[in-house]
Amino acid sequence: MKTEQADVVPSADLLDDLHWRGLISQTTDETALRKSLKEPISLYIGFDPTAPSLHIGNLVVLLVLRRFQIAGHNPIALVGGATGLVGDPSGRNEDRILNSESTVAEWVNKYRMQLARYLDFDGAINPARIVNNLDWTAPMSAIEFLRDIGKHFSVNQMLAKDSVSMRLEGGGISYTEFSYQVLQSLDFLELYRRLGCTLQIGGTEQWGNIVAGLDLIRRVESGGGHALTVPLLLKSDGTKFGKTAGGSVWLDAEMTSPYSFYQYWLTTEDKDVIKFLKVFSFQSHEQINELEKLHNENPGARTAHRALAREITILVHGEEICDRVEAAARALFGQGELGELDEVTLASALAELPKTHIVKGDEIPTWVDLLHATGVVESKSAARRIVKESGAYLNNAKISGEDFRPSVNDFFFGRFAILRKGKRDLAAVEIIKKP
RNA sequence: GGCGGGUUGCCCGAGCGGCCAAUGGGAGGGGACUGUAAAUCCCCCGGCUCUGCCUUCGAAGGUUCAAAUCCUUCACCCGCCA
């Protein structure tokens, strides 16, 4: 993805900007870091493949990397093909279940593709790079590892790390995960040697690992570098950001539909919306301040929410998809009658929803069976409960009776019907011709 | 290696032979009020072909008319001792 050159701000402002956005938790010697940022530096963030897709929690740090690139620095996104096989103990109270090598390799590829979207690889001055730590870890023998790298680590210090000591007090730690900090340190050292990388960024829980890397660089290369951690983003109710009942909000459209993705941002609590804009948006301070003003004047208009949802959805899924998803939301949540929508508009709005289909001429199943078929509820019992609790709608009209069955007339253009569960959970039913 | 304690539904955590699909809290869901927000109040929360049936209380066996509850073995966790 190309970044507009017009967006480039002088690097001297970068740290101030990050502070303003609430994106700095801790740094090593900020004065020195500020000074070094006057010249372009190389910096990296690592992403261990722990799932088939990145999620919006990963996006927080990833966008910090992007901000550094826009400011003229050289970003390196590291995919943990090696570290993902070992498992980071940080912030966990028990050992991870090891994934197979083939699974991790597959996830590495998916991560690469996704990461590429948020960085600029074409710029002549500071193109981004994506690296995989398996490239320098796999060829290394156990003896080399122990003699050349292990020798520089003091077990005493390793034990003192939060990520380890918490485990010693709790459920214990395997030698595998205990070694994780050594691998991550090796990464920093390698990138320092190969690409002159002098800054590593990560979540707060990465502090120990990053600092261990700095120690290693100092010992082996007598070099210096910096660490910067980004705070864990919390919602105002204290819960982790980016989780829904169904799990994480993924960047992969197959795992979290663009419609759900947009809705996640749109339904952000009022208290959090400005905070999230600061973290995720690339708009200027003035623009965000203006949105804050509008929001405070008339929260019901949800101007800030819409701006947030739109910007992030465009960033992740592109403008075209965002337009479609917005149009769908407008049509489905609008005040107008569903029956007034033309067929094309309705069809494209419904395309964004979870759906099921029935064959023309077949008996139409009950509302309960239809809803269950769309996957919006986990079981038919749950669907029945919704009807009983009067949260069931067909085409935005409340229905009752567990055995309620839509009729052919309920289908717009003889094709579409809309199921709704509660206030905002929509699903579509389409009648299709016999195959 | 020895002794003791534990393993319960999405999570925490009661139950300790029948009244148990299993108390309570959290999370989650529905309703009312709103703005596809929050707070608040009410309700729900294993599944199904639903006045009944089926599957759950670490795993596998066993005792019993009847087990999450008793017995045996196994696995994992946590203490104390060596």
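Order of the sequence lines sets the chain letters (A, B, ...), proteins ahead of strands, with each chain counted from 1.
We find that CG of A/Leu266 is positioned 12 Å from P of B/A38, with the value rounded to whole Å. Taking atom CZ on A/Phe276 and atom P on B/A38, their separation rounds to 12 Å, with Å as the unit. When rounded to the nearest whole Å, the span between CD1 of A/Ile274 and P of B/A38 equals 16 Å.
In this structure, B/G28 and B/C44 make a Watson-Crick or G-U wobble pair, each of the two defining distances being under 3.5 angstrom. Pair assignment for B/C74: B/G58, on the basis of Watson-Crick or G-U wobble contacts that are both within less than 3.5 Å. With a 3.5 Å ceiling on both atom-pair distances, B/A21 lacks any Watson-Crick or G-U wobble partner. A 3.5 Å limit on both hydrogen-bonding distances identifies no Watson-Crick or G-U partner for B/C16. For B/G79, the paired nucleotide is B/C3, the pair qualifying as Watson-Crick or G-U wobble because both relevant distances are below 3.5 Å.
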Could you walk me through whether A/Phe261 and A/Trp250 pass the ring-ring contact (aromatic ring centres under 6.0 Å, His included) test, one step at a time?
-> CA-CA 8 Å; A/Phe261 186 87; A/Trp250 304 101; over 10 Å; no

Check the pair A/Ser90, A/Asp88 against side chain to side chain donor-acceptor pair (under 3.5 Å), reporting the backbone distance first and the verdict last.
-> CA-CA 5 Å; A/Ser90 307; A/Asp88 186 355; 2.7 Å; yes

Working for ring-ring contact (aromatic ring centres under 6.0 Å, His included), residues A/His285 and A/Trp20 = CA-CA 9 Å; A/His285 296 193; A/Trp20 183 80; 3.7 Å; yes

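Scanning all heavy atoms of the two residues, the minimum distance from A/Leu234 to A/Phe276 falls at O-CE1, 4.5 Å.
Among the candidates A/Val249, A/Leu233, A/Thr268, the single residue satisfying the side-chain contact (heavy atoms from CB on, under 4.5 Å) test with A/Phe241 is A/Leu233.
Ring pair A/Tyr180/A/Tyr175: centre-to-centre distance not below 6.0 Å.
Nucleotides B/C12 and B/G5, compared at atom P, are 22 Å apart to the nearest Å. For the P atom pair drawn from B/C77 and B/C10, the interatomic distance equals 23 Å after rounding to whole Å. Comparing the C1' positions of B/G26 and B/G9 gives an interatomic distance of 14 Å, to the nearest angstrom. With both ends at atom C1', the span from B/A59 to B/G6 equals 16 Å, rounded to whole Å. With both ends at atom C1', the span from B/U8 to B/A21 equals 12 Å, rounded to whole Å. Taking the P atoms as reference points, B/G52 lies 30 Å from B/G62, given to the whole Å. Distance check on atom P: B/A67 versus B/G4 gives 28 Å, rounded to whole Å. B/C57 and B/C70 are spaced 16 Å apart, taking the C1' atom of each and rounding to whole Å.
Against RNA chain B, the stretch residues 372-381 of chain A makes heavy-atom approaches under 4.0 Å through A/Ser379, A/Lys380, A/Ser381.
Annotation: side chain of A/Ile431 is not in contact with side chain of A/Phe416 (no heavy-atom distance under 4.5 Å).
Heavy-atom contacts from other residues, nucleotides or ligands closer than 6.0 Å to CD of A/Glu320 number 12 or fewer.
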Sugar-phosphate means primed atoms, P, OP1 and OP2; the rest is base. With that split, encode nucleotides 30-35 of chain B 5' to 3' as B, S or - using protein heavy atoms under 4.0 Å.
-> SSSBBB

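Summary of the strand contacts: A/Glu402 and A/Tyr259 both lie near RNA chain B, and taking for each the nucleotide with the nearest heavy atom, the more 5' one is attributed to A/Tyr259.
A/Ser185 places a side-chain N or O within donor-acceptor distance of the main-chain N or O of A/Gly213, the cut-off being under 3.5 Å. At distances below 3.5 Å, at least one donor-acceptor pair connects side-chain atoms of A/Arg219 with backbone N or O atoms of A/His152.
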